[in-house]
Amino acid sequence: MEQYIPEKIEKKWRGVWERKKLWKVDIKKAKRPYYNLMMFPYPSAEGLHVGNVYAFTGSDIHGKFQRMQGFDVFEPMGFDAFGIHSENFAIKKGVHPKVQTAKNIKHFTEQLKQLGSLFAWDHALTTSEPEYYKWTQWLFLQLYKAGLAYRAKAPVDWCPSCKTVLADEQVINGKCERCSSEVLQKETEQWFFKITKYADRLLKNLETIDWSERTKIAQKNWIGKSEGAQLKFPVKNSNAKIEVFTTRPDTLFGATYMVLAPEHKFVDELKAQIVNWGEVQVYRDAAKKKSELERAEFAKEKSGVELKGVRAINPASKEEIPVFIADYVLASYGTGVIMAVPAHDERDFEFAKKYGLAITIVVCPHYPEKTCPILDKAYVGEGHLVGSGQFDGMSSEKARQEITKFVGGEKTERYHLRDWLISRQRYWGPPIPIIYCAKCGTVPVPEKDLPVKLPFVKEYRPEGTGKSPLASVSSFVNTKCPQCKGKAERETDVSDTFLDSAWYFFRYPSSDYKKGPFDEGITKKWLPVDMYIGGQEHAVLHLLYTRFITMVLHDLGFADFEEPFKKFRAHGLLTKDGAKMSKSKGNVVNPDEYFVKYGADTVRMYLMFIGPLAEAGDWSDKGIVGIFRFLNRVWTLAQEMKREKPKGKGLETVRHKTIKKVTEDIQNLRYNTAIAVLMEYLNEILGKKTEASLEDLETLLILLAPFAPHVPEELWNQLGHKDSVHNQPWPKYDPKLVQEEKIRLVVQINGKVRDIIEVQAGISEQEAKELALKNEKIQKWLQGKLPKRVIFVPERLINIVA
RNA sequence: GCCUGGGUGGCGGAAUGGUUUACGCGAAGGUCUCAAAAACCUUUGAGCGCAAGCUCGUGUGGGUUCGACUCCCACCCCAGGCACCA
């Protein structure tokens, strides 16, 4: 073959690799297991998105590099096929989800195979297959048995367009994550997982794992731990006490009123005392009707109603204070009640101003000066206490403890994290394996009866009745109670897609295992995952759920580790013309045409060349030819060297420098600069052809192999090698040879470059100084003056301060 | 409002205290060709100058330093995330 025709050689080598099972890893016998995971795609489109290719290539380069380091790299691929994404796409096409998803997966697979990646296809899995979701249901049952899955009536977020409830994490700015419809509040019975029980562990373990810092911060913020105190406020003429959570017990003397969330049940308990019940009722109804978004917008102007007739007693100052309901207080956080300290909280300040309530300053930033300025806004910082009886003069930090103790409060923590709502009123998901029996109550499906198969039904569209379409399938709903064998009904909700993907990495190595979700020995050998590369957009959804599920499996004795991924690196978002690719904008790049025009090698390398993996960058049709030209030049060079055996002694220094830099860059996921160095190396060889050796070329091919798997393989073969280039050990560099003999020494005067001179490497300060002072240009600048000071940076520069 | 990133040629980006703009794209000129494409070679931050060369230049304004894209302070802009969480 004299000419580089990507399509031809890529097809040829994929065939050879498949026949020879080049990428095959023996799961049982592997000596140095390395689990290289990437986020499996949603097959919710006809074909692969260039963003998928970007992510998978970034991960595959890491896998191929580790393989050449001598590891047995397991790099599985699969499909997150259940769920709203795939179902919505099928509905849009008017094709049954089962049929449409199968079609999508077929095309995805064809495209994925073109990438020349390490994918372990014999371990591929699809979450919508009964062999897989059987174990998703099994997982649900384990959580149920452990008391970590419960059904409860609660106000939840409902998407009127997707016609299902959503998890807290799936509501973005009061809108549905999938379709951007405004989310409504609905009070219904739903299934939850007790992720809040793990809040503290999810937070603490972050310190022990090697993850991208920004991902850890996002999780930390989402878990949202606040330390504070729980305090009790007695109600006048009643035995009742109102409990509040506050992070600032030091400001207790400044609490001049209290606010309950409008829907708080305590309001009903106080009904007898409330003299303006009608007014209260009107406000509560109005608040109930609002969506979260409206309530937040409304918040620009705070509103509320006083519960007239009810007075609370500030436990510190013993003063009587009024009690309000207002929708700026959320029922779902803390106790649903706050002590309002208008002088030291912006929201309370705004409310107090509007309703003319007392604003008492109790933390002074100017202490010991007695005069504290009259506030035009709340002072939320630290300081020393004033107007707080015996605590006056104490630092606010210390007073947090002391005042809590003084009023008999309890030190406590609160989290932003809510329990994970996992039931969905949709069709395309694993049915929740629960049976309701009039006699026995809620009965879990026995494990031997799994899977509870999702029936193939004609009417799969969501109905909007608040129930899954499965509720209309009587052959599914009607069943026998596993306990009393009497008539019973099945749960008709399915579980959240994020449950499918919360444990898939456990299944991959054991994909054929029949006796359980995963084989114990295999799991011990391969897990936890060594490297996980994926999108930052999953920082608080998928990644938090996987950690939670892994902790649960650990606690139940199914795993001997509690963190699923030793290393996680987030890749950036690939854009087109500076904007996120989306179907609505019509700027989605389909990789197929580029595979045909330039080949997968060029597409892979170009994607990695755009920018650092963690930051991604902008796809441009123009830049891709640069990579294509580069591969062509490598090809031409190889043809020449094949014909006229090179007789040069080799470019030793530059070769070793290249090995060093490429190795370090790959380790740091700086693929863009690694490629740049390979280009420089090639330019160097082309410029000094008579000195170059065959080893120079062969090293280039090996270093290139992880990025562009096909071309180097073909050329390696043309050079007469029988074994694959991918089986070559990664080259090592000699630190002694990396050092150049001559270096360019920068000569500065007062920090400005005046000359650059070539000198022997390792030149001493004395020699450099002499050379510099003798230098004509420098003498011209010095004009006979003596230097005040000379700064010498070995191997770099000499700076003369005059 | 808070939390993350980021702001460098015509463009993607490189350099994390020491030659600003590596590598690539684009552009201009040339070689080859009847011609074109491809390939190859040269030039390519701005301004001044015949030239040697000089001055300016990494969002803005200050500071530290022999020396700042890099460190510190204040601010502006862009992208992403969170948001009445008490």
Side-chain angles (χ1 to χ4, degrees), chain A residues 172-174 212-218 220-222 224-226 228 244-248 251 255 259 261 292 295-300 302 326-330 332-341 344-348 350-351 380 414-418 536-537 539-540 570 572-573 575 578-580 606 609-612 614-615 617-627 629-630 632-633 636 670 672-683 686 744-756 777 780 787-793 795-802:
Chain A
I172 314 291
N173 266 332
S212 313
E213 211 46 44
R214 42 190 312 213
T215 313
K216 290 210 254 184
I217 290 167
K220 198 177 159 201
N221 291 344
W222 186 261
K225 183 177 180 169
S226 303
V244 301
F245 172 73
T246 177
T247 54
R248 293 295 301 271
T251 63
V259 188
E292 283 225 326
R295 250 170 97 151
E297 271 166 10
F298 188 137
K300 283 169 195 156
K302 289 197 171 31
D327 65 6
Y328 81 92
V329 173
L330 306 175
S332 52
Y333 187 78
T335 61
V337 190
I338 60 154
M339 63 175 222
V341 185
H344 305 292
D345 181 280
E346 280 163 28
R347 296 150 301 180
D348 298 343
E350 198 189 316
F351 191 82
V380 298
R414 293 282 164 172
Y415 297 89
H416 166 255
L417 186 71
R418 302 294 145 80
Q536 172 71 10
E537 70 272 20
V540 292
L573 188 74
T575 57
K580 195 171 162 173
Y606 174 60
F609 188 58
I610 290 175
E615 287 158 38
D618 203 61
W619 168 277
S620 138
D621 290 0
K622 283 184 181 162
I624 195 167
V625 299
I627 298 288
R629 285 178 194 153
F630 166 73
N632 268 293
R633 279 197 284 265
T636 310
R670 309 280 302 195
N672 56 330
T673 48
I675 294 168
V677 170
L678 289 172
M679 288 172 168
E680 282 179 76
Y681 179 47
L682 174 69
N683 292 344
L686 290 174
R744 286 154 64 82
L745 188 76
V746 171
V747 185
Q748 296 183 330
I749 291 188
N750 295 333
K752 290 204 173 182
V753 181
R754 293 304 174 190
D755 202 7
I756 296 168
K777 287 177 191 164
K780 198 177 93 191
K788 282 190 204 137
R789 215 179 134 184
V790 176
I791 286 125
F792 177 67
V793 183
E795 310 294 283
R796 272 246 155 89
L797 64 73
I798 183 155
N799 182 19
I800 293 157
V801 185

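What's counted below: heavy atoms across the whole structure, side chains too, no hydrogens, waters or symmetry copies. Every chain is numbered from 1, with letters handed out A, B, ... down the list of sequences.
- Checking rG26(B), rC66(B), rA86(B) against every side-chain atom of V625(A), the shortest atom distance belongs to rG26(B).
- Taking atom CD1 of I675(A) as the reference point, atom C1' of rG24(B) lies 10 Å away to the nearest angstrom.
- Regarding F351(A), its CZ atom lies at a distance of 12 Å from the C1' atom of rC84(B), rounded to whole Å.
- Across all strands shown, the partner of rU44(B) is rG26(B), judged by Watson-Crick or G-U wobble contacts whose two distances both fall under 3.5 Å.
- The nearest whole Å value for the distance from the CH2 atom in W222(A) to the P atom in rC3(B) is 18 Å.
- Across all strands shown, nothing is found opposite rU33(B) as a Watson-Crick or G-U wobble partner with both distances under 3.5 Å.
- In a base pair of the Watson-Crick type (N1 to N3 plus N6-O4 or O6-N4) or a G-U wobble (N1-O2 and O6-N3), with each distance short of 3.5 Å, rA14(B) is matched with no nucleotide.
- In terms of polar N and O atoms assigned as donor or acceptor, the side chain of K302(A) comes within less than 3.5 Å of the base of rC84(B) in a complementary pairing.
- Judged purely by atom type and a 3.5 angstrom limit, N672(A) has no side-chain atom pairing as donor or acceptor with the backbone of I610(A).
- Among the atoms of the strands shown, base atoms are found under 4.0 Å from some heavy atom of V793(A).
- Here, rG6(B) and rG13(B) have their P atoms 12 Å apart, quoted to the whole Å.
- Look at CD on Q748(A): it is 11 Å from P on rG18(B), rounded to the nearest Å.
- Within the nucleic acid shown, L797(A) comes within 4.0 Å of at least one base atom, counting heavy atoms only.
- For V753(A), counting side-chain heavy atoms from C-beta on, the closest listed nucleotide (rC66(B), rU20(B), rC84(B)) is rU20(B).
- Closest to the side chain of K752(A), out of rC56(B), rA86(B), rA83(B), is rC56(B).
- For the pair R418(A) (side chain) and H416(A) (backbone), a donor-acceptor distance under 3.5 Å is present.
- Judged by the 6.0 Å distance and 45° axis criteria, K225(A) is not positioned over the aromatic ring of Y415(A).
- Of the P atoms belonging to rU58(B) and rA46(B), the separation is 15 Å, rounded to the nearest Å.
- Look at rG9(B): its glycosidic torsion is within 90° of 0, and that puts it in the syn range.
- Each of I624(A) and R633(A) was matched to the nucleotide of RNA chain B holding its nearest heavy atom; the match closer to the 5' end belongs to I624(A).
- Going from atom CZ of R796(A) over to atom C1' of rU16(B) covers 12 Å, rounded to whole Å.
- With distances taken from any side-chain atom of N672(A) to the nucleotides rG18(B), rC84(B), rA14(B), the minimum falls on rA14(B).
- Straight-line distance between the P atoms of rG9(B) and rU70(B): roughly 15 Å, to the nearest whole Å.
- The backbone N or O of G617(A) sits less than 3.5 Å from a side-chain atom of T575(A), completing a donor-acceptor pair.
- If you find the closest nucleotide of RNA chain B to L686(A) and to R754(A), the one lying nearer the 5' end belongs to L686(A).
- A 4.5 Å side-chain heavy-atom check between M679(A) and F609(A) finds at least one atom pair inside the cut-off.
- Of the nucleotides present, rC78(B) is the one that pairs with rG5(B) by Watson-Crick or G-U wobble criteria, both distances under 3.5 Å.
- Nucleotide rG26(B) holds its C1' atom 14 Å from the CZ atom of F609(A), rounded to whole Å.
- Taking the six-membered ring for Trp and thresholds of 30 and 60 degrees, Y606(A) and W619(A) have ring planes more than 60 degrees apart, a perpendicular arrangement.
- Side-chain atoms of T247(A) lie closest to rA86(B) of the nucleotides rA86(B), rA15(B), rC54(B).
- Comparing rC76(B) with rA83(B), their P atoms are spaced 25 Å from each other, to the whole Å.
- Listed nucleotides rC54(B), rU19(B), rC23(B) differ in distance to I756(A); the shortest reach to its side chain belongs to rU19(B).
- Looking at the side chain of S226(A), the nearest of the listed nucleotides rC84(B), rA86(B), rC54(B) is rA86(B).
- At distances below 3.5 Å, not a single donor-acceptor pair connects side-chain atoms of T247(A) with backbone N or O atoms of G228(A).
- Note: CE (M679(A)) to P (rC25(B)) measures 7 Å, nearest angstrom.
- With rA86(B), rC23(B), rU19(B) as the candidates, the nucleotide lying closest to the side chain of V746(A) is rU19(B).
- Look at the P atom in both rU21(B) and rU31(B): the space between them is 30 Å, to the nearest Å.
- Rounded to the nearest Å, the gap between the C1' atom of rU65(B) and that of rG18(B) is 12 Å.
- The nucleotide whose nearest atom lies closest to any side-chain atom of R214(A) is, among rG18(B), rC23(B), rU4(B), rU4(B).
- Distances from the side chain of P612(A) to the nucleotides rG24(B), rG13(B), rG18(B) place rG13(B) closest.
- Checked by atom type and distance alone, the side chain of R248(A) pairs as donor or acceptor with a backbone atom of V380(A) at under 3.5 Å.
- Nucleotide rC71(B) is matched to rG63(B) when pairs are restricted to Watson-Crick or G-U wobble geometry with both distances under 3.5 angstrom.
- Between the CZ atom of F630(A) and the P atom of rC40(B) there is a distance of 13 Å, rounded to whole Å.
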